[in-house]
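Being a predicted model, the structure only gives us computed values, none of them experimental. Numbers restart at 1 for each chain; the letters A, B, ... are given by sequence-line order, proteins then strands.
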Number of protein chains: 2
Amino acid sequence: MVYSKKKNPNSMDIISVAIVEDNHDIRNAMELLINGSEGYACIGAFNNAEMALERVPQLLPNVVLMDFNLPGMNGIECIARLKAEFPDMQFMMLTVYEDDDKIFMALEAGASGYILKKTSPGELLDAIRDLHDGGSPMSSQIARRVVAYFQKQAKPNPALEALTSREKEILDQLSKGFLYKEIASNLFISIETVRRHVHNIYEKLHVRSRTDAVNKYFNR
Amino acid sequence: MVYSKKKNPNSMDIISVAIVEDNHDIRNAMELLINGSEGYACIGAFNNAEMALERVPQLLPNVVLMDFNLPGMNGIECIARLKAEFPDMQFMMLTVYEDDDKIFMALEAGASGYILKKTSPGELLDAIRDLHDGGSPMSSQIARRVVAYFQKQAKPNPALEALTSREKEILDQLSKGFLYKEIASNLFISIETVRRHVHNIYEKLHVRSRTDAVNKYFNR
DNA sequence: ACAGGAATAACACGTAAATGTTATTACAAA
DNA sequence: TTTGTAATAACATTTACGTGTTATTCCTGT
């Protein structure tokens, strides 16, 4: 980034990396790998989240490799805090788990890459560069979990299928917070008809208030 | 799948593929590629969505390669209809676009893979197998879009930061549809205090009803 | 031709929510 | 020490919401 005008592979595009990993052997192995590879520099390695929170703001690495399980604060929380302060910093979750929960927690916290520890050294380096170049390195198995989450989100509550199209229209208006009289004038019907529809909607959804109906509408 | 007991590479694990693509040359090229590769069989190729909707239910391919832009019904709608009827069928979106909207529409409709048309023949075959094996083949650039969507979803409305912790607690109760008296007993305070807090919340969020407050709470 | 669902409408009643005003206590910052 | 904010509480008033009952029109399927 510094000498961006010159196409010199020794000075441009060196990716600075920090490692947060409590296992001594893994941490040292990764540090050696990164420092031994052209275009990469490991500028910090920490064995816990607290130390990382203290030093990373000074070092400002391009990429942070974060272990999931750490003594004390876990890696998710550590990413969330650093990401909030440094939105452009890139985080790669490194873990042995492929659980849905852990994946989603990491992504929500601000990790953009999610790879397994069994990943080969060469692939790890590729993933770091990919992450730095704006990609989200992850296995296609993990990608499928993320995609599945999307598809689940898109599925509406089956109870809503029982509603007529007019009732869905009314429910949509309810969800937007309109008063009955506003719904009436929006849909060119009387307020009494609105009441009627709302009543039928509540019966079909088994709820007794607008908020509950809206929660079902949004699948919560 | 048929001769799954015998480990014969010529009969097991042959992935049946259907192609929906309006460009004659591309369609033929893909068909030739697939039929010319061991372990793959192209059992149908259609130049529009309507034809695919008619024939795919009879052919029941393992994987459907779907173009985005088709004459008449588009590929998204075609996937949505087929996926609803055959949830186990796998769909791969093939497109020249990398737009966020198109990616999300495809994923929501039920596509599990999303690759660009410029993908090499070898990579296309790999992606088909990957998709069939439960992965979600996509470039890491596209994965980043999906991840970014996650992270955006996770960001709460900044207006909520103005609320005190007690007010957030009250708002959470409001969002769950509790009556004031229920909130009062849940939090061991009087109903009048609940009123007071709700009033303050409404002022800070600039809303005049529970539904509007809850909508802000959920960032809608 | 008729049954049934869907959309429309009106009226009455009770409950819940939203608004306005005022006040006490506690705690933290200036 | 004073000032300010947060949390607590009470009372009165108005508006909105939810329920029960009844009825007409239109359309669809049998």
Discussion item. If only side-chain N and O atoms count, and only distance matters, is there a donor-acceptor pair under 3.5 Å linking Asp212(B) with Tyr202(B)?
Written reply: no

Discussion item. I'd like to know if the side chain of Arg196(A) pairs up with that of His199(A) as donor and acceptor (distance under 3.5 Å, no hydrogens or angles considered).
Written reply: yes

Nearest-Å distance for atom pair [atom1]/[atom2], residues [X] and [N]:
X: Arg210(B); N: dA16(D); atom1: CZ; atom2: C1'; result: 13 Å
X: Leu174(B); N: dA16(C); atom1: CG; atom2: P; result: 15 Å
X: Arg196(A); N: dT8(C); atom1: CZ; atom2: P; result: 13 Å
X: Lys204(B); N: dA18(C); atom1: NZ; atom2: P; result: 18 Å
X: Ile189(A); N: dT25(D); atom1: CD1; atom2: C1'; result: 15 Å
X: His199(A); N: dT8(C); atom1: NE2; atom2: C1'; result: 16 Å
X: Leu179(A); N: dA16(C); atom1: CG; atom2: C1'; result: 15 Å
X: Asn200(A); N: dT21(D); atom1: CG; atom2: P; result: 14 Å

Response to the item:
Whichever of Ala162(A) and Ile191(B) has the more 5' nearest nucleotide on DNA chain C, that residue is Ala162(A)

Worksheet item: Angle class for the Phe150(B)/Phe104(A) ring planes (parallel below 30°, perpendicular above 60°, tilted otherwise)?
Response: parallel

Worksheet item: Phe68(A) vs Tyr97(A) aromatic rings, parallel, tilted or perpendicular, using cut-offs 30° and 60°?
Response: perpendicular

Below 4.0 Å: OP1/OP2 of [N] and any side-chain N or O of [X]:
X: Arg208(B); N: dT19(C); answer: yes
X: Tyr180(A); N: dT15(D); answer: no
X: Thr193(B); N: dA9(D); answer: yes
X: Tyr202(B); N: dA18(C); answer: yes
X: Ser209(B); N: dA18(C); answer: no
X: Thr164(B); N: dT5(D); answer: no

Item to complete: Using a 4.0 Å heavy-atom cut-off across all strands, classify Arg195(B) as base, sugar-phosphate, or nothing.
Response: base

Worksheet entry | Nearest-nucleotide comparison on DNA chain D, the residue closer to the 5′ end among Glu192(B) and Arg166(B) | Arg166(B)

Worksheet item: Hey, does the Lys NZ or Arg CZ of Arg220(B) hover above the aromatic six-ring of Phe218(A), less than 6.0 Å from the centre and inside 45° of the axis?
Response: yes

